[in-house]
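Report on the structure given below.
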Amino acid sequence: MASVESQARFGQSVKGLLSDKVGSCSGDVIALTRQVLKGSRSQELLGQAARNMVIQEDAILHSEDSLRKMSIITTHLQYQEAIQKVEHSKNLQDQLRHLLK
C-alpha cells in the first residue's frame, strides 16, 4: 500500500510540475504573440513612414519645379523692366532732342 501511496504522490507531483510547465509555456506563447504583433505593427508603421516619405519627396520635387519656374518668370520680368526703362530713356532723349531744336 505504501507503494500505491508513493505512486499517487509521485503522480500528483508530476501533475503539479506539468501544470507549472504548461503555465510557463502559456506565458511564453503570450509573450511571443505580443512580440509578433509588435513586430507586425512596426512593419506597418515602417511601411506607412515609407509611403509618407514618397509623398513628401513628390511634394519637394513639385516645389522645386515651381521655384525654378518662378525664377524664370522673375528673370523675364526683370528683362521686361529693363527694356521698358531703355524705351523710356529713348523717349526722354527724343523729347530732349525735340526741345533743343
Side-chain angles (χ1 to χ4, degrees):
M1 186 109 149
S3 141
V4 174
E5 219 176 278
S6 66
Q7 285 179 348
R9 284 187 197 154
F10 179 73
Q12 290 296 329
S13 175
V14 169
K15 285 182 182 179
L17 289 173
L18 185 59
S19 178
D20 290 345
K21 279 292 184 187
V22 168
S24 175
C25 286
S26 296
D28 290 345
V29 168
I30 291 170
L32 178 62
T33 303
R34 285 183 181 148
Q35 284 295 340
V36 168
L37 290 175
K38 187 187 279 187
S40 174
R41 180 74 176 138
S42 295
Q43 289 289 47
E44 182 182 324
L45 291 173
L46 191 59
Q48 187 177 10
R51 285 189 297 274
N52 289 342
M53 184 186 294
V54 169
I55 291 169
Q56 291 300 320
E57 185 177 8
D58 188 47
I60 289 169
L61 291 174
H62 180 71
S63 297
E64 184 180 35
D65 187 49
S66 295
L67 285 172
R68 188 177 42 78
K69 288 177 182 178
M70 288 169 53
S71 176
I72 292 169
I73 291 170
T74 301
T75 303
H76 181 73
L77 288 173
Q78 288 172 342
Y79 286 146
Q80 281 184 332
E81 185 180 13
I83 290 169
Q84 287 174 351
K85 285 181 180 179
V86 168
E87 288 176 355
H88 184 68
S89 175
K90 286 181 183 180
N91 287 340
L92 288 175
Q93 287 176 353
D94 288 344
Q95 288 176 3
L96 185 60
R97 280 190 205 128
H98 182 69
L99 288 174
L100 292 176
K101 284 185 183 178

(request) Using atom types as modelled and distance alone, determine if a side-chain donor or acceptor of T33 lies under 3.5 Å from a backbone N or O of V29. (result) yes
(message) Between S66 and H62 (side chain of the first, backbone of the second, donor and acceptor by atom type, cut-off under 3.5 Å), is there such a pair?
(response)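 Indeed, once roles are kept as given, a pair shorter than 3.5 Å links the two residues.
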[X] side, atom [atom1]; [Y] side, atom [atom2] - distance, nearest 0.5 Å:
{"X": "K90", "Y": "K85", "atom1": "NZ", "atom2": "NZ", "result": "16.0 Å"}
{"X": "M53", "Y": "I60", "atom1": "CE", "atom2": "CD1", "result": "9.5 Å"}
{"X": "K69", "Y": "L67", "atom1": "NZ", "atom2": "CG", "result": "11.5 Å"}

Throw together a table of side-chain donor-acceptor distances under 3.5 angstrom for residues 73-84, partners on residues two or more places apart or in other chains.
| from | atom 1 | to | atom 2 | distance (Å) |
| --- | --- | --- | --- | --- |
| T74 | OG1 | M70 | O | 2.8 |
| T75 | OG1 | S71 | O | 3.0 |
| H76 | NE2 | Q80 | NE2 | 3.4 |

(message) Ignoring hydrogens, what is the shortest heavy-atom contact between E44 and R51? Give both atom names and the distance.
(response)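 Taking E44 first and R51 second, the nearest heavy atoms are O-NH2, 4.5 Å.
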(message) Are more than 12 heavy atoms, taken from residues, nucleotides or ligands other than E64, located less than 6.0 Å from that residue's CD atom?
(response)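 Atom CD in E64 is not crowded, with 12 or fewer foreign heavy atoms closer than 6.0 Å.
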(request) Evaluate the side-chain proximity of R97 to D94: yes if any heavy-atom separation is below 4.5 Å, no if none is. (result)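 Yes; the side chains approach each other to less than 4.5 Å.
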